[in-house]
Amino acid sequence: QYIPNDPLGHPFLGPAYVASYEFNGHESKLFVTLAENESNAHERMKQLQAHFAKTGECAAAPDIEAGGIRGKNSFEGSFVAKVQGHLLLLVLNPTTDGGNILREAAKNLH
């Protein structure tokens, strides 16, 4: 699914492609945000981090990758995210190893 504006109600996440994944009855969503360049992708990641730090919690997730983050709040739920070139990759409602979807997506997206 392509969402041109405000995925999850956040302008900094748009435009984005969204794919749903189901593992043993657990649904996760991968958001692939299209930034203008790598610098802009990192800026969007900072905005995501600030939003979750303000509304819930957010922390570094070096187990996913250096620069990866994870967090949660009561409205959007939990997430893991990382930057891959000019893309911001975000998995909402990840499985126990949500980093696996991020790593696989990053390997296949350029």
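Any value given below was found using the heavy atoms of this structure, including those in side chains, with hydrogens, waters and symmetry copies removed. It should be emphasised that the depicted structure is a prediction, and the values quoted were computed from it without experimental measurement.
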Query - Separation between OG1 of Thr33 and CG of Leu8, rounded to the nearest 0.5 Å - result: 9.0 Å

Requested in this report: Could you name each residue pair satisfying salt bridge (charged side-chain N to carboxylate O under 4.0 Å, His left out) that touches residues 83-95, not counting sequence neighbours?
Outcome: none

Report task. Check the hydrophobic clustering (I, L, V, M, F, W, Y; side-chain heavy atoms under 4.5 Å; chains of links allowed) and say if Ile3 and Val91 are grouped together. Result -> no

Requested in this report: Could you pull out all residues at least two apart from Asp6 that satisfy side-chain hydrogen bond (donor to acceptor under 3.5 Å, both in side chains)?
Outcome: none

Report summary line: Contacts satisfying salt bridge (charged side-chain N to carboxylate O under 4.0 Å, His left out) that involve residues 33-47 (not counting sequence neighbours) are Glu36-Arg44

Query raised in the report: In Å and rounded to the nearest 0.5 Å, what is the CG to CZ distance from Asn108 to Arg103?
Result: 13.5 Å

Report summary line: Heavy-atom closest pair (Asn93 atom, His26 atom, distance to 0.1 Å) is O-NE2, 2.9 Å

Query raised in the report: Hey, quick one: are Leu89 and Tyr17 part of the same hydrophobic cluster, counting side-chain heavy atoms closer than 4.5 Å, chains of contacts allowed?
Result: yes

Report task. Please name all residues satisfying ring pair (Phe, Tyr, Trp, His ring centres under 6.0 Å) with His10, sequence neighbours left out, ordered by chain then number. Result -> Phe12, His51

**Report entry** With sequence neighbours excluded, residues passing side chain to side chain contact (heavy atoms under 4.5 Å, CB included) with Asn37
**Finding:** Ser39, Asn40

Requested in this report: Determine, using the 4.5 Å side-chain heavy-atom cutoff (strictly less than), whether Tyr2 and Val18 are members of one ILVMFWY cluster.
Outcome: no

Query raised in the report: Measuring from Thr95:OG1 to Glu27:CD, what's the distance to the nearest 0.5 Å?
Result: 12.5 Å

Query raised in the report: Does Phe52 have its ring centroid less than 6.0 Å away from the ring centroid of Phe79?
Result: yes

Report summary line: Interatomic distance, CG@Leu90 vs NZ@Lys82, rounded to 0.5 Å, equals 13.0 Å

Query raised in the report: Do Val80 and Leu30 belong together in a cluster built from hydrophobic side chains that touch within less than 4.5 Å?
Result: yes

Query - For Gln49, side chain to side chain contact (heavy atoms under 4.5 Å, CB included) partners two or more places apart - result: Cys58, Ile69

Query raised in the report: Of the non-hydrogen atoms in Arg70 and Ala61, which two are nearest, and what is the gap between them?
Result: NH1-CB, 3.5 Å

Query raised in the report: Looking at Pro7 and Leu13, what are the two nearest heavy atoms and their distance?
Result: CG-O, 3.4 Å

Query raised in the report: Could you state the interatomic distance from CG (Leu92) to OG (Ser28), rounded to the nearest 0.5 Å?
Result: 8.0 Å

Report summary line: Heavy-atom closest pair (Glu65 atom, Val83 atom, distance to 0.1 Å) is OE2-O, 4.1 Å

